[in-house]
Amino acid sequence: MSDLLRGLNPEQLAAVTLPPQHALILAGAGSGKTRVLTTRIAWLISTGQASPQSVLAVTFTNKAAKEMLTRLSSMLPINTRGMWIGTFHGLCNRLLRAHHRDAALPQLFQILDSADQLSAVKRLLKSLNVDDEKFPPRELCHFINAQKEAGLRPSAVEAWDDYTRKRVELYEAYEAQCQKEGVVDFAELLLRSYELLSRNEPLRRHYQERFRHILVDEFQDTNRLQYSWLRQLAGGQANGPHPPNPRPTTGFAQPVGSGGAEQCSANSHLHPGEGGGYSEAPRGACIFAVGDDDQSIYAFRGADVGNMRDFEREFKVANVIRLEQNYRSHGNILDAANAIIKHNARRLGKNLWTEAGSGEPIRVFEAWSDLDEARWIVEEVKALSRDGHARAEMALLYRSNAQSRVLEHALFAAGLPYRVYGGLRFFERQEIKHALAYLRLIANAGDDTAFARVVNFPTRGIGARSLELLQDAARAGGGSLMAAIPQVAGKGGASLAKFAELVGKLREAAHLPLPELIEHVVELSGLRAHYQTEKEGQDRLANLDELVNAGANFIAEEGAVGEEGELSADLAAFLAHASLEAGEHQAGEGDDALQLMTVHSAKGLEFNVVFISGLEEGLFPHENAILEADGLEEERRLMYVAVTRARQRLYLSHAQTRMLHGQTRYNLPSRFLEEVPAGLLKWLTPRVAKGGFAVSPVPALCVPSGTFSGMPRRSETTGSGWRIGQSVRHAKFGEGVVINLEGSGQDARAQINFGAAGMKWLALSVAKLEAA
């Protein structure tokens, strides 16, 4: 037993050795929560308070469940194979398999993953002859899953208009289709498991008596359905019409007597309470919930941080233990995280600390532009690498996926290996490849690969049979798919002709400046309208906007390639550039590569060095979140997660200007920077009053932070013969005024305000400017 408990700090020891009562363990970032959970199970079994069969442990990932089982196997001389340790979906699947008849399911029922569910919904819409543009399949999937996660079958969903009424009808038809085919989706696993236990009292009592200890990891990430399922297993029966809380009803019944000190009856004798007194052990299963309300960042997936407060109230939790000692980060990093998160009002409260010392100050860099920010990060990574820091132990975090494009470009140009964790690189993303396919058809209508990718995306009624006929006609004529369209008759041929007409209209716009052409393609192709209908389409729309910025930056860096009136010289050069960046193999798992990821993807990870980029109002915190109820608090929790990923060194950066829709946008620093005490920060650029600009709008050649001595002043000339304020003329963009100059010789470039054509950075060696 001493070996089992050796090395635990006082709070960890108190949590592990709690008597059988409901408990809430507030486990801060890096505080050893996995060790506490696993050791708690081992301690219960070792002391005879629980058998392996009486423990139910719930995790959020299969990886976490496997790690827990592996650790238990090393701590106890038992076979852990039959233990009920797994994810919510895994445990519900196990329950339904064991009682498939009671659940009205075939013995070998199949589970639909997200892609399978989408295919099933598409088949349903087609069989019912429902317009999939009016009722997009992906959006209908989200609607169905949301109702299930709220505990609502079709008959219980309130339909307040004709559109919702139709969606409810489709939900009902989808259920009938799944039942007929003997399949269940992920949300159905949970809901049917909950309903099975609700209506089958003998079965419910069997599992309530079997599982005397229920342990839950990442409790802050539970949704209402998951919480209700746990509450049901903790004891009582479901016969009330409303959930036991004043928040909006979710369709869940209230288990009788759920919560309360009388409910956990694993042992009926008295146990030492606080202050040396005694309290009666609750009757029923004991819930040991481990989580951190400050790291609840998945509201968009249905996670409800309020479950932690509800659990504490409904179960009359007397044991709330805070694990505040951090074993990951240095003190300055933790002090910054504490200072940021304390601005959230609805917290259960805790304060992280460490014995590792204060460590290095947090470095802050203010860039003139997003390009400048990216170049600085590249140079800093190079300097750290030269100093012996492994790139694999460095992470570059950003709030939005679209931000990765500028960062990836800078890394690509510098030849630095990188890996996008949990996602695709910019030019590999679905929506970007679709947009590039349309652009490729403008440059070359005979590009069959691009044609095949977008001929029916967004959907325009062109089926597989029509495409087969088109391919046959193209082979027979020895030409391209586009050229063979007139050979296809009937309805399919008419739809294909409309697509050819669309490509023709796009080609008519090829004379536009590249950024405007890209934006025109995104609009006219229907890509923007398509992704606007998706519940989670905002990220894809942001990526499409970033593609417009990519075009603007490409022209700024490379200069105009072709003359006015040429069809696609700039476009062809840009497409080649995109293909080259996309064609670079992403670094593999074992390579020493910089890790790029969104903050959401970074949760649960840790690195020696962390860069948090794009700390600007409207970006981080995101402008959408600022306008939502509780949105700002979730954004602050996201920032807290980002900061606490760093072990040794933390960089915070922001840019005064950033490209949006191909135009320059001026930004204010994020409020999160203001919330960090000044004494913790080391500014790598001059600090000025709030709302001012610290950096001259002339990007410096970036240097390592140790040698940084401030940004240079604005140059009036570059030795190229041009000066700030001079009027110039460009063959494509028209007349403009030079507002900024930088570099010299072949590297000289100018920022020019062309009025209606926007702000452009042009390389002076190739731009062919004339004095106006």
Side-chain angles (χ1 to χ4, degrees), residues 58-62 64 86-93 111-115 117-118 121 138-154 156-158 164 167-168 171 174-175 184-195 216-232 242-253 289 291-311 314 346 422 534-539 598-601 603-604 622 624-625 628-635 637-638 641:
V58 191
T59 67
F60 265 82
T61 65
N62 289 314
T87 64
F88 279 102
H89 291 118
L91 294 172
C92 287
N93 173 56
I111 300 172
L112 301 178
D113 62 20
S114 299
Q117 183 187 27
L118 182 61
V121 167
R138 197 177 300 276
E139 184 181 316
L140 186 57
C141 287
H142 289 308
F143 173 79
I144 291 170
N145 293 338
Q147 305 316 308
K148 290 186 178 185
E149 288 172 3
L152 300 174
R153 291 298 183 187
V157 179
E158 182 180 351
T164 306
R167 289 203 296 180
V168 172
Y171 175 16
Y174 168 77
E175 283 208 320
V184 297
D185 54 45
F186 283 143
E188 184 70 20
L189 283 172
L190 277 157
L191 181 54
R192 193 167 296 216
S193 175
Y194 176 85
E195 291 173 339
V216 190
D217 192 13
E218 304 286 8
F219 194 77
Q220 78 280 352
D221 292 334
T222 54
N223 61 31
R224 294 305 291 170
L225 175 55
Q226 291 162 343
Y227 176 55
S228 296
W229 184 77
L230 291 169
R231 191 176 55 187
Q232 190 179 54
H242 301 295
N245 59 69
R247 293 188 286 142
T249 68
T250 61
F252 298 119
D292 183 2
D293 57 326
D294 291 334
Q295 294 190 74
S296 179
I297 60 174
Y298 296 122
F300 66 96
R301 294 182 187 168
D304 193 337
V305 68
N307 287 343
M308 298 187 79
R309 293 189 294 272
D310 289 349
F311 171 63
E314 293 166 11
R346 290 178 289 279
E534 289 193 357
K535 181 181 178 182
E536 297 177 3
Q538 290 305 308
D539 273 354
T598 64
V599 182
H600 280 103
S601 298
K603 187 170 180 289
H622 197 278
N624 292 342
E628 296 172 355
D630 300 326
L632 184 57
E633 293 219 346
E634 175 122 347
E635 288 291 294
R637 292 195 292 268
L638 199 57
V641 168

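Note that the numbering runs from 1 along the sequence shown for the chain.
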Worksheet item: Could you walk me through whether Gln147 and Glu149 pass the side-chain hydrogen bond (donor to acceptor under 3.5 Å, both in side chains) check?
Response: CA-CA 5 Å; Gln147 305 316 308; Glu149 288 172 3; over 6 Å; no
Practice prompt. Write down the atom of Ala187, the atom of Asn145, and the distance for their closest heavy-atom approach.
Written response: CB-OD1, 4.0 Å
Worksheet item: Which value, rounded to the nearest 0.5 Å, describes the distance between Met308 atom CE and Asp221 atom CG?
Response: 9.5 Å
Fill in: Residues which pass salt bridge (Lys or Arg N to Asp or Glu O under 4.0 Å) with Glu195, listed by chain and number, not counting sequence neighbours
Arg153
Discussion item. Please check: side-chain N/O of His622 versus main-chain N/O of Glu635, any donor-acceptor pairing under 3.5 Å?
Written reply: no
Discussion item. In terms of relative ring orientation, are Phe143 and Tyr171 parallel, tilted or perpendicular, with 30° and 60° separating the classes?
Written reply: perpendicular
Discussion item. Taking Tyr194's backbone N and O only, do any of them form a donor-acceptor pair with Gln232's side chain (distance below 3.5 Å, no angle check)?
Written reply: yes
Worksheet item: If you take all heavy atoms of Asp293 and Arg637, which pair is closest and at what distance?
Response: O-CD, 3.0 Å
Worksheet item: CG/Leu190 to CG/Asn93 distance, rounded to the nearest 0.5 angstrom?
Response: 10.5 Å
Worksheet item: Which atom names give the shortest non-hydrogen contact between Val157 and Val168, and what distance separates them?
Response: CG1-CG2, 3.6 Å
Worksheet entry | Side-chain donor-acceptor pair present, Asn307, Gln226, cut-off under 3.5 Å | no
Worksheet entry | Check ion pair Asp310-Arg224 (N to O, under 4.0 angstrom) | yes
Worksheet entry | side-chain contact (heavy atoms from CB on, under 4.5 Å) assessment of Phe311 paired with Arg231 | CA-CA 9 Å; Phe311 171 63; Arg231 191 176 55 187; over 6 Å; no
Worksheet entry | Within-4.5 Å side-chain heavy-atom neighbours: Tyr298 and His600 | yes
Discussion item. How close do Leu638 and Val599 get, counting heavy atoms only, and between which atoms?
Written reply: O-CG1, 3.3 Å
Practice prompt. Start with the C-alpha distance between Trp229 and Leu91, add both sets of side-chain angles, then the distance that settles side-chain contact (heavy atoms from CB on, under 4.5 Å), and finish with yes or no.
Written response: CA-CA 11 Å; Trp229 184 77; Leu91 294 172; 4.2 Å; yes
Worksheet entry | Closest approach of Lys148 to Leu225 (non-hydrogen atoms, all atoms of both residues) | O-CD2, 3.6 Å
Practice prompt. Determine, stepwise, if the pair Leu189 / Phe88 fulfils side-chain contact (heavy atoms from CB on, under 4.5 Å).
Written response: CA-CA 9 Å; Leu189 283 172; Phe88 279 102; over 6 Å; no
Worksheet item: Taking it one step at a time, do Thr59 and Glu218 satisfy side-chain contact (heavy atoms from CB on, under 4.5 Å)?
Response: CA-CA 7 Å; Thr59 67; Glu218 304 286 8; over 6 Å; no
Worksheet entry | Nearest heavy-atom neighbours spanning Asp185 and Tyr174 | OD2-OH, 2.6 Å
Worksheet item: Can Glu314 and Tyr227 be said to form a side-chain hydrogen bond (donor to acceptor under 3.5 Å, both in side chains), step by step?
Response: CA-CA 12 Å; Glu314 293 166 11; Tyr227 176 55; 2.6 Å; yes
Worksheet entry | Straight-line distance of His142 NE2 to Leu118 CG, nearest 0.5 Å | 9.0 Å
